[in-house]
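Just follow the structure's listing: the first ligand is 1, and inside any ligand the first atom is 1.
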Amino acid sequence: MAFEAGLCAPARDEVDTRLDTRALQQLDSAHFLHPFTDHGALSTRGARVMVRGEGIYLWDSDGNKTIDGMSGLWCVNVGYGRTSITQAVARQMDVLPFYNTFFNTTNVPAVKLAEKLAALAPPGFEHVFFTSSGSEANDTALRMVWRYWQLMGQPERHVVISRRNAYHGSTIAGASLGGMAGMHAQGALPIPGIHHIEQPNFAEHGRGLSETEFGLLAADWLEQKILELGPERVAAFIGEPVQGAGGVIIPPQTYWPQIQRICDKYGILLVSDEVICGFGRLGTWFGSERMGMRPDLIPFAKGVTSGYVPLGGVLVGERVARALIERGGDFNHGFTYSGHPVACAAALENLRIIEDEKLVDKVARETGPHLKAAFARLADHPLVGHAESIGMTAGLNLVRRKGATVHDCEPFARALGAGMVCRQHMFDNGVIMRAVGDRMIVAPPLVMSCAQIDEMVERIRVCLDLTLKDVVGRGWMG
Ligand code: PXG
């Protein structure tokens with residue numbers, strides 16, 4: 001069903017909307033292997049061709065207008081159509097489109113951005129290493145962790161602990177650090193020396209406990225793992241403040257402070273992967289601030305440029321920076337595009353917008369609480385077992401039968417794919433939501449207003465109704 005077909009703003013998309021969707025889809029399936037996609041299935045169905053964005057809205061090549069509930073892929077924090085970013089990028093391309101930052105060379109946007117990031121970061125972060133993606137950022141963090149312990153005279157400390165259902169990227173290091181079973185299964189992953197503990201998922205593991213108790217218990221799984229592996233071998237713990245791709249898993253408030261205490265106790269480095277949580281998503285510049293942790297390294301990407309141009313990096317805390325700088329000599333690591341001038345120019349303008357429009361504050365005080373209340377109301381829907389939210393991200397669980405607590409809901413059989421059915425209804429009706437199994441999640445642009453949150457949640461409710469009708473028709477309900 002075409003939603004609001006033809007509702008395309010004129011001028012800028014004039015050319016794009018004349019594209020022949022079917023021809024593009026055929027070319028797409030003939031030549032383009034998509035990430036995390038069943039290519040066979042996609043070529044039968046045909047990819048949706050996105051042609052234009054403005055604010056929180058996207059238009060596809062058939063003219064359908066959609067609310068982008070996922071900010072592209074957790075990244076378009078300032079929304080689409082920001083011509084000041086386009087102009088900053090164009091200016092930089094004219095002046096100096098590229099030069100490397102190896103061999104004692106730098107460039108103006110990279111210097112300015114490094115200074116800006118040090119100013120925005122939590123206290124104790126004066127240095128940044130640039131990459132082009134979140135995966136490269138986590139590869140870099142791992143290389144830094146290993147190098148740090150070498151420099152500290154403890155090379156036997158090379159084990160890194162992460163969590164099941166974490167997402168840290170798709171390179172070999174990123175996929176190994178991540179705890180996605182489906183990724184590990186398709187290769188000899190994780191690489192040696194990376195171990196996983198259970199995630200702090202109250203709905204999954206917290207039966208019989210208060211959230212407070214569960215947070216402490218889940219953190220203690222880290223201590224148990226450290227003792228099992230030998231504290232003298234453990235180099236670092238890595239985690240997302242709130243797990244994003246894993247399904248917006250919001251840990252209890254007691255979790256991160258206890259993780260911090262355990263890391264301090266054993267002297268191990270704490271890596272806060274802020275590829276999603278950085279740059280305002282949780283209502284603070286960095287998610288670690290909201291969660292009460294003091295990390296040593298902060299990998300970031302996505303929101304630093306709002307996805308307009310690829311850029312990532314690692315904010316390096318004092319402890320690691322001092323070792324690298326004062327004792328390290330050459331750090332044999334880096335990418336052609338580390339400190340790419342065009343990407344850095346885009347980031348500078350993007351950060352200016354976030355600051356000028358006070359978007360972080362807006363999420364903390366206004367839109368975050370509004371989204372929370374709206375999602376809490378969705379929990380009365382017959383299909384929704386429970387719904388949670390923090391800052392500008394939220395999730396709800398589709399269930400076969402509701403229960404008095406999150407632990408008493410009856411899920412759908414996993415193989416049915418209720419989440420995918422629901423996601424299709426969302427797509428067909430003008431709102432993009434991501435399905436992680438049967439958990440439906442959103443992470444809208446930080447510019448989304450309260451009225452637009454209401455518009456989005458209204459559509460979500462309509463789609464939940466359609467999903468309910470659909471699954472009842474299929475005989476899936478209890
Ligand atoms: N860390 C985290 C926490 C991420 O969310 C990465 C690292 C890797 O970033 P790059 O830029 O290399 O992709 C991510 C990326 C999803 C989804 O389905 C999420 C991501 C990527 C692809 C899909 O929610 N996050």
Side-chain angles (χ1 to χ4, degrees), residues 34-38 68-77 129-142 160 162-183 190 194 196 199 236-251 270-279 281-282 286-288 290-291 293 295 297-315 335 337-338 340 343 346-347 390-395 419-420 423 426-427 432-437 439-444:
H34 292 246
F36 284 90
T37 297
D38 174 342
D68 184 8
M70 281 306 298
S71 306
L73 196 53
W74 315 87
C75 45
V76 188
N77 289 7
F129 191 102
F130 288 118
T131 70
S132 297
S133 70
S135 300
E136 288 175 4
N138 282 320
D139 277 56
T140 301
L142 185 60
V160 177
S162 178
R163 287 131 8 127
R164 197 181 69 75
N165 197 38
Y167 190 79
H168 295 300
S170 212
T171 51
I172 300 288
S176 295
L177 290 168
M180 296 293 175
M183 294 174 80
I194 294 178
H196 296 82
Q199 58 176 336
F237 176 69
I238 182 169
E240 304 151 78
V242 170
Q243 286 154 261
V248 186
I249 311 295
I250 306 166
L270 179 56
V271 184
S272 178
D273 180 346
E274 307 241 7
V275 168
I276 282 176
C277 295
F279 306 101
R281 176 66 51 199
L282 304 188
F286 293 90
S288 46
R290 170 96 195 239
M291 292 290 146
M293 62 210 265
L297 297 170
I298 301 182
F300 63 88
K302 296 191 188 264
V304 68
T305 56
S306 285
Y308 278 60
V309 180
L311 178 71
V314 182
L315 284 160
F335 306 99
Y337 299 129
S338 290
H340 193 292
I390 183 168
M392 280 297 263
T393 186
M420 294 312 271
R423 189 182 78 165
M426 302 279 173
F427 270 4
I432 293 178
M433 239 185 148
R434 179 113 153 54
V436 182
R439 187 153 166 90
M440 305 301 299
I441 61 177
V442 290

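- Looking at Pro295 and Phe286, their side chains never come closer than 4.5 Å, going by heavy atoms from C-beta outward.
- The residue from Val309, Leu311, Val275, Asn77 that alone fulfils the side chain to side chain contact (heavy atoms under 4.5 Å, CB included) condition with Val304 is Leu311.
- Evaluation of the side-chain contact (heavy atoms from CB on, under 4.5 Å) rule for Ile276 yields Trp74, Arg281, Lys302 as partners, not counting sequence neighbours.
- Residue-level contacts of ligand 1 at the 4.0 Å heavy-atom threshold are Leu73, Trp74, Ser133, Gly134, Ser135, Asn138, Tyr167, His168, Gly169, Glu240, Ala245, Asp273, Val275, Ile276, Lys302, Arg434.
- With a 6.0 Å radius and a threshold of 12 heavy atoms from other residues, nucleotides or ligands, Tyr308 has its OH atom above the threshold.
- Checking side-chain atoms of Arg423 against main-chain N and O of Ala435 turns up no donor-acceptor pair under 3.5 Å.
- With Pro299 as reference, Val271 is the one residue of Val271, Leu177, Thr131 to meet the side chain to side chain contact (heavy atoms under 4.5 Å, CB included) rule.
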